[in-house]
Undergrad: 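Below is the structure I would like to discuss, written out as structure tokens.
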Amino acid sequence: MKESDQRHATLTIADSEEKAFMALLHLMYTGKLTPTTESTLLVDMLMAADKFEVVSCMKLCSQRLIDLPMTLESAVRCLDLPCTIPLAAAIREAAKTFFAETYKEFLSTKFQDELMRVPLAGIQAILSRNRLGIVSEGDVYEFMLRWACSQYSNSEERHKILSSRLLPLVPRVLSMNDSILIDHPSGIVNFTIKREKCYGLFPLGSMRSPPFHCAGRRFYLSARCMATEQLQIFGLSVNMLEDKGAVRGTVDYKIGGSLVGVDR
């Protein structure tokens, strides 16, 4: 580096880098890594070592980071580590494992706020690695839509992420077994919702129809409302009630009806 020929070298760092940079200097002059159990500090040191090309520090921090428990903040940052960092692939894998194990019950209300801050790679890890027996895939769709709305303000980009990166993961989430419905019965279900009821569902309400039977299975219709800073969403879905475990099959349905006296 050009500083090699200078008697007095000046390095410019951000305030947020100071702690990690001092730990990096300590390693360079003593050969010892500052003892820490903070995974976020190790990530900071790793990025500083990569910035100043201190390979020995990158190797030590990478190995220590894999061995330490991660936090939400450190796991999010580890997902975007550059490939120049030693063991970057192993660290990213550890971060994905953290997301999958920490958020097994990702539909629980206690996780919703923090999951809205998780990047796409973390959400993909949660959905692809958790084979949950979920009663209704509608809950998964609702979660994905809410997350996408919080992450992508552009509707075209949001649609692309949902259709190509998240929706293909849904069949794996549902823990389907090998049972298949081979007959094709049909029926018409009337689910009437008055305007006053619709108003009462916003911003985060839901209601369901009485259960009905088709092909020996019990189903119900669900109406849900969601509200974000950008959108207000009203959705209808068909859901299956099953007491004996999830069942693989295809349901073709068409939702039709009329809206009377609804203000826009």
Side-chain angles (χ1 to χ4, degrees), residues 16 19-20 23 33-48 50 58 60-83 85-152 158 161-177 204 206 224 226 228-229 245-246:
S16 58
K19 187 176 181 180
L33 187 62
T34 303
T36 181
T37 57
E38 298 180 29
S39 56
T40 51
L41 176 58
L42 283 172
V43 176
D44 290 336
M45 291 179 62
L46 193 55
M47 300 305 294
D50 180 59
M58 286 194 284
L60 287 173
C61 289
S62 295
Q63 188 57 59
R64 182 72 65 83
L65 193 57
I66 291 176
D67 296 336
L68 279 181
M70 289 196 177
T71 64
L72 175 59
E73 181 183 354
S74 63
V76 167
R77 296 179 62 190
C78 285
L79 291 174
D80 294 324
L81 289 180
C83 297
I85 291 178
L87 303 177
I91 296 173
R92 286 194 292 268
E93 181 65 22
K96 292 177 182 180
T97 299
F98 165 83
F99 283 113
E101 293 182 352
T102 303
Y103 301 106
K104 288 182 179 180
E105 299 179 2
F106 65 93
L107 296 178
S108 172
T109 55
K110 66 180 180 180
F111 292 134
Q112 296 306 299
D113 289 340
E114 58 191 76
L115 283 174
M116 295 302 109
R117 305 193 303 270
V118 174
L120 176 61
I123 298 298
Q124 287 178 303
I126 294 170
L127 293 175
S128 63
R129 301 187 183 200
N130 285 326
R131 296 178 173 273
L132 304 178
I134 300 172
V135 173
S136 170
E137 66 180 13
D139 294 332
V140 184
Y141 289 136
E142 180 182 333
F143 167 79
M144 290 192 300
L145 181 59
R146 188 165 59 250
W147 176 86
C149 288
S150 70
Q151 293 284 326
Y152 303 96
R158 182 166 62 242
I161 292 295
L162 283 169
S163 60
S164 64
R165 307 292 290 277
L166 294 181
L167 290 177
L169 299 175
V170 174
R172 296 184 61 184
V173 175
L174 297 180
S175 300
M176 294 178 175
N177 59 28
L204 294 172
S206 65
R224 292 174 180 267
M226 293 185 296
T228 68
E229 293 182 358

Undergrad: State which residue, out of Asp44, Leu42, Ile66, fulfils the side chain to side chain contact (heavy atoms under 4.5 Å, CB included) condition with Cys61.
TA: Leu42
Undergrad: Measure across Arg92 and Cys78 and return the closest heavy-atom pair with its distance rounded to 0.1 Å.
TA: CG-O, 3.1 Å
Undergrad: State, to 0.1 Å, how close Pro86 and Ile91 come at their nearest heavy-atom pair, and which atoms those are.
TA: O-CD1, 4.2 Å
Undergrad: Hey, are the side chains of Arg165 and Leu120 touching, using non-hydrogen atoms and a 4.5 Å cut-off?
TA: yes
Undergrad: Quick one: ring-ring contact (aromatic ring centres under 6.0 Å, His included) partners of Tyr152, sequence neighbours excluded?
TA: Trp147
Undergrad: Looking at Gln124, is its backbone amide N or carbonyl O close enough to the side chain of Ser128 to form a donor-acceptor pair, meaning the two atoms are under 3.5 Å apart?
TA: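 The answer is yes, because a donor-acceptor pair under 3.5 Å joins these two groups.
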Undergrad: Which atoms form the tightest heavy-atom contact between Ile123 and Leu115, and what is the distance?
TA: CD1-O, 4.0 Å
Undergrad: If you measure from CG on Leu46 to OG on Ser74, what distance do you get to the nearest 0.5 Å?
TA: 11.5 Å
Undergrad: Return the minimal non-hydrogen interatomic distance between Gln63 and Leu87, and the atom names on each side.
TA: OE1-CD1, 3.7 Å
Undergrad: Quick check: do Met45 and Arg64 have side-chain heavy atoms less than 4.5 Å from each other?
TA: no
Undergrad: Nearest 0.5 angstrom please: Arg158 CZ to Leu162 CG, how far?
TA: 8.0 Å
Undergrad: So for atom CG, which belongs to Asp67, do other residues, nucleotides or ligands contribute more than 12 heavy atoms lying within a distance under 6.0 Å?
TA: yes
Undergrad: Closest heavy-atom contact between Pro119 and Leu79?
TA: CG-CD1, 3.7 Å
Undergrad: State the NZ-CE distance between Lys96 and Met70, to the nearest 0.5 angstrom.
TA: 12.0 Å
Undergrad: Is it the case that the side chain of Ser108 and the backbone of Phe111 share a donor-acceptor pair, with hydrogens and angles ignored and the cut-off at 3.5 Å?
TA: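 Between the backbone of Phe111 and the side chain of Ser108 there is no qualifying donor-acceptor contact (under 3.5 Å).
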Undergrad: Just wondering, do Glu114 and Leu72 contact through their side chains at under 4.5 Å, heavy atoms?
TA: yes
Undergrad: Side chains of Gln112 and Phe143, heavy atoms from C-beta outward: is any pair under 4.5 Å?
TA: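 Of all side-chain heavy-atom pairs linking Phe143 with Gln112, at least one is under 4.5 Å.
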Undergrad: Nearest 0.5 Å, please: how far is CG in Leu60 from CG in Leu65?
TA: 12.5 Å
Undergrad: Under 4.5 Å between any side-chain heavy atoms of Ile161 and Gln151, yes or no?
TA: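 Side chain of Ile161 against side chain of Gln151, heavy atoms only: no contact under 4.5 Å found.
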Undergrad: Can you find a pair of side-chain heavy atoms, one from Pro82 and one from Met47, that are under 4.5 Å apart?
TA: yes
Undergrad: List the atom of Arg77, the atom of Thr40, and the distance in Å for their closest heavy-atom pair.
TA: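 Shortest heavy-atom separation between Arg77 and Thr40 comes out as NH1-O, 4.0 Å.
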